*Asks:* 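The structure under discussion is supplied below as structure tokens; questions concerning it will follow.
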Amino acid sequence: MRATWLTDIHLNFLKPLALKAFYERVRAAQPHILLVTGDIGESDSVVRFVTELGQIAPIYFVLGNHDYYRSSIAAVRGAMARLPTELTWLPAVGALKITPRTTLVGIDGWGDARCGDAASKVQLSDWQLIDDFRRGDRNATLERLGANEARALRSHLAAAPPSEHLVVLTHVPPFPEACIYDDVQSDDNWLPWFTCIATGNVLREHARAHPEQQITVLCGHSHGIGRFEAEPNLVVRTGGWPKGIEGYGNPVVQDTLEL
Ligand SMILES: [Fe+2]
Ligand SMILES: [Fe+2]
């Protein structure tokens, strides 16, 4: 099965002709399915974009922080739950056996303020543009969101059928070493908002308990391309912009995996 991976495509930045050209590039990869790891658009456009991508091939996706912009986490997730079944927001469905040897799971993930400098002066637009951050203690909110994502991942993994290969989609890199931009690991100012420690802990625990299973994590968010082997059977691939075409408005077809 050819699974074409997209991440951080931020399609809301594209004018109509560029959007059409991007869809043609996705189609040219001849995917049987699409795997999309978040930051697809914003709250008012993400349903439209997953619907259009779903016309190319069945789509399995998680959301990124930008997909919640100008709304709340609960409202956007409510909209995902109302999508038709061929547009699969993975957190709502748990583990899916997509080939005889491959199981797929997904959770959105959040930078959970549990590594790097928690007093970092780096400001994300999230704080203004997602309702959930407008009140309360921000770092406490992030820790709670990360813990919720970890709990959901643990429950999906516990219910997953045995399989040779587990593919995990998530938006936020689950380890600091997977948080890559411009070929280097993000520094302590970025790490609190760009790593989900809670989900990394669950993945490492699962990998150690299932040494016979190969686990591939696909993520994005830091917008750099990287590969980190967290355990002998746990590889995290971070997707982003190749050098030379950096910037919003130039989405790439990240890769096509044979599953
Ligand atoms: Fe992004
Ligand atoms: Fe992001």
Side-chain angles (χ1 to χ4, degrees), residues 5-14 18-19 22 26 34-46 49-50 53 59 61-73 76-77 80 89-91 106-116 120 122-133 138 141-142 145-146 148-149 168-176 178-183 185-187 189-200 217-226 236-243 245-255:
W5 172 33
L6 311 172
T7 194
D8 295 86
I9 47 181
H10 294 277
L11 296 180
N12 51 302
F13 288 97
L14 269 63
L19 183 61
F22 175 67
V26 176
L34 298 177
L35 304 178
V36 187
T37 48
D39 281 3
I40 298 161
E42 294 189 357
S43 67
D44 60 353
S45 56
V46 63
F49 294 135
V50 296
L53 287 165
I59 175 172
F61 68 99
V62 296
L63 298 175
N65 49 320
H66 283 245
D67 298 307
Y68 295 103
Y69 278 13
R70 292 168 235 287
S71 186
S72 68
I73 295 170
V76 176
R77 288 183 172 174
M80 296 305 108
W89 180 56
L90 284 166
I107 42 129
D108 297 347
W110 282 94
D112 61 358
R114 289 181 58 191
C115 67
S120 162
V122 168
Q123 300 283 316
L124 295 192
S125 302
D126 299 23
W127 317 149
Q128 275 74 48
L129 295 181
I130 303 174
D131 291 353
D132 304 69
F133 296 114
R138 181 193 306 142
T141 302
L142 290 169
L145 289 169
N148 289 346
E149 298 300 287
V168 180
L169 305 192
T170 190
H171 181 60
V172 176
F175 302 100
C179 186
I180 301 293
Y181 184 72
D182 254 357
D183 294 339
Q185 184 182 318
S186 302
D187 66 24
N189 289 309
W190 291 91
L191 283 177
W193 326 133
F194 276 70
T195 309
C196 192
I197 293 292
T199 57
V217 179
L218 303 178
C219 65
H221 190 51
S222 60
H223 290 189
I225 296 174
V236 181
R237 292 186 61 187
T238 310
W241 300 322
K243 280 186 184 243
I245 57 163
E246 293 175 356
Y248 293 111
N250 294 297
V252 297
V253 177
Q254 201 63 224
D255 198 4

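Both counts, for ligands and for their atoms, begin at 1 and track the order of listing. The figures that follow rest on heavy atoms only: side chains count, while hydrogens, waters and symmetry mates do not. What you are looking at is a predicted structure, and each value in this text was computed from that prediction instead of being measured. Numbers here simply count residues along the sequence, with the first being 1.
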*Asks:* Can you check side-chain contact (heavy atoms from CB on, under 4.5 Å) on Ile9 and Leu53, steps first, answer last?
*Replies:* CA-CA 12 Å; Ile9 47 181; Leu53 287 165; 4.0 Å; yes
*Asks:* Give the atom name of whichever N/O/S atom in Asp39 sits closest to the Fe ion (ligand 2).
*Replies:* OD2
*Asks:* With the Fe ion (ligand 2) as the point of reference, which N/O/S atom of His221 is the closest?
*Replies:* ND1
*Asks:* Taking the side chain as everything from C-beta on, heavy atoms only, tell me whether Asp126 gets closer than 4.5 Å to Tyr69.
*Replies:* yes
*Asks:* Quick one: do the Ser120 and Trp190 side chains pair a donor with an acceptor below 3.5 Å?
*Replies:* no
*Asks:* State whether His171 contributes an N/O/S atom found under 2.8 Å from the Fe ion (ligand 2).
*Replies:* yes
*Asks:* Do His223 and Tyr248 have their ring centres less than 6.0 Å from each other?
*Replies:* yes
*Asks:* Please report, to 10°, the angle around the Fe ion (ligand 1) from atom OD2 (Asp8) across to atom NE2 (His223).
*Replies:* 80°
